[in-house]
Number of protein chains: 2
Amino acid sequence: MEKLQSVPTLIDIQESHEAIIQMVERTPVMKCKSLNDMSGARLFFKCENFQKVGAFKMRGASNALLRLTEEERKLGVTTHSSGNHAQAVALSAKLLRMPAYIVMPVNAPKIKMRATAGYGAEIIPCEATLASRETTLEAVRARTGAAFVHPFDNYDVIAGQATAAKELFDDVKELDAILAPIGGGGLMSGTALVSRYLSPKTKVYGAEPSAVDDAFRSLRAGRIETNATTDTIADGLRTNLSEKTFGILQEHLDDIFTVSEEAIVEAMRLVWERMKIIIEPSCAVPLAAVLQNKEVFAGKRVGIILSGGNVDLEDLPFGKVL
Amino acid sequence: MEKLQSVPTLIDIQESHEAIIQMVERTPVMKCKSLNDMSGARLFFKCENFQKVGAFKMRGASNALLRLTEEERKLGVTTHSSGNHAQAVALSAKLLRMPAYIVMPVNAPKIKMRATAGYGAEIIPCEATLASRETTLEAVRARTGAAFVHPFDNYDVIAGQATAAKELFDDVKELDAILAPIGGGGLMSGTALVSRYLSPKTKVYGAEPSAVDDAFRSLRAGRIETNATTDTIADGLRTNLSEKTFGILQEHLDDIFTVSEEAIVEAMRLVWERMKIIIEPSCAVPLAAVLQNKEVFAGKRVGIILSGGNVDLEDLPFGKVL
């Protein structure tokens, strides 16, 4: 397979799916009667919290690494990430037996640093600023010649993330709507593309914390807007859109819902209590949107991509003042 | 179906399964690569934490209520419980449209009281002693004529709990061993019976907190021993065995492992972190036993009944000194 140079087609996504199938889990779709009762909709949860490394990021990272040339594989891969993408690149590199160099800010959670190092990646610490991340990454590339795998501004990554929604459409017929959270927009872009290709009547919605509503504002303004703050509990959604994801979302997204921090924690609590599964705050955002917009989803069949389940068990938000 | 008057046979368990199938979930069996690596065994987890009311108790309660006569159904059911059995009886009674009267100690978790009341049961508070529970229950029976469904000293309940292991044997072939936690012994009795009937070569093990090791001591002494304390985090396993469960376990159990409080919390944390599912402390006890006795299970195919997932999210043990 070669690297994708333009917006992934259905064939691209199908080929990506066939390629990564050996490297990722086929995650289950779960239902929950009490959440159906509460929302008035029929909800189908695609459980990427059960994915390898605990998040959908494994799909995009593995697809991007599989598309590197033999030459590139020898030199290895690099990325900067404080979270799930770091682990996904590290594990994918391990499975494909290539070196990985991960730039991580010094304030990244220790547990994620350990997990990333545990996959055999070299961790290169940097300051907790975008400037430091980028200069450190450039230094790594200069030293190693490793290929950079951007967490979302990359069509191979987007095609990989699309496979989660593809499996959901394979397993559940006639969805009236599908939702995913929006951070940098990689998962949302893949979800939107595959929905248009496989089920054009399905409404495609994004969900975003009000505190970091850059995607919501970008789509309304017709240009990429940025966040003034990263102050949300949904730590996976603090990023701004990129050129590639903005382009796809502008064309294929029906709407974006924004939700409060309290609504995110409440939705997260409901999933933990009613479904008995662990999701991270970012992952609760689409359910929060459904519960706050019941009139939109009443009586509908609604797919929700549960994006991940990596939380610090010693620092949970339940019962805390936000 | 009539009430069972003696140790359930395979036919009894099969009939119970057919009867309750409409009232319970067929729960999935999950696997986890990292827990396999850690234990050296191949583990198959039967996820009763996903069962209705969040615990296997729904199986026994529904089976017992289905076996009441028409006359008894009109008068309703009663039980005393501070936990999952209360909710299971209440929900079963609701589904079968009969009254339920649940005696609950005043110190029972408020969330469980609310859930039980939410199923339409009448809650009768009592003091937090066995004597108060029993006198209050007798008063309820005198007032209402309701049938008493004991949480485990009841062959209908035992036959119902057996259906969890039955489904596990239906789904996973050639288990070398199967484990369940032991509280009053209802789940363990059902698990042991169905193992003997369907897979006589499978070793059947119980697991118990060292702090409340009444079953361990009872089997060694050849008579029912009681606990001097209820001081364990595994709140579902504080109960002593009864005549009926002791008799079954004495005949059919291969051995019992006991584990420390620290080992229970560590096993619970591993399931939360690695499997991304929520289990309660009682439910973690068999995995703790496997991880502490690796030589017994090395290279074996091991079934574990995950008994339930009801925890207070605002009072979790992670990072606390026990």
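Every chain is numbered from 1, with letters handed out A, B, ... down the list of sequences. Because the structure is a prediction, the values reported are computed rather than measured.
Proximity to chain B (any heavy atom under 4.5 Å) is restricted, for A:Met30, to the side chain, taken from C-beta onward. Proximity to chain A (any heavy atom under 4.5 Å) is shown, for B:Leu313, by both the backbone and the side chain. The part of A:Ile111 that comes within reach of chain B is its side chain, from C-beta onward, which places non-hydrogen atoms under 4.5 angstrom from that chain.
In this structure the side chain of B:Phe44 reaches within 4.5 angstrom of the side chain of B:Leu175, judged on heavy atoms. Looking only at side-chain heavy atoms (C-beta outward), B:Leu187 and B:Pro181 come within less than 4.5 Å of each other. For the pair A:Leu65/A:Met23, no side-chain contact is recorded, criterion being any heavy-atom separation below 4.5 Å from C-beta on. B:Ile277 has its side chain within reach of B:Leu306: a pair of non-hydrogen atoms, C-beta onward, lies under 4.5 Å apart.
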Geometric donor-acceptor pairs, no angle filter, chain B-chain A, under 3.5 Å:
unit_1, atom_1, unit_2, atom_2, d
B:Arg269, NH2, A:Glu314, OE2, 2.6
B:Lys276, O, A:Ile278, N, 2.9
B:Lys276, NZ, A:Gly309, O, 3.0
B:Lys276, NZ, A:Asn310, OD1, 2.8
B:Ile278, N, A:Lys276, O, 2.9
B:Gly309, O, A:Lys276, NZ, 3.0
B:Asn310, OD1, A:Lys276, NZ, 2.7
B:Glu314, OE2, A:Arg269, NH2, 2.6

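By the ring pair (Phe, Tyr, Trp, His ring centres under 6.0 Å) test, A:Phe297 is found to be paired with A:Tyr205, A:Phe257, residues two or more places apart in sequence or in another chain being considered.
For the atom pair CE of A:Met275 and CD1 of B:Ile278, the computed distance is 10.5 Å after rounding to the nearest 0.5 Å.
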List the steps, then state whether side-chain contact (heavy atoms from CB on, under 4.5 Å) holds for A:Ile279 with A:Leu287. CA-CA 11 Å; A:Ile279 63 169; A:Leu287 176 62; over 6 Å; no
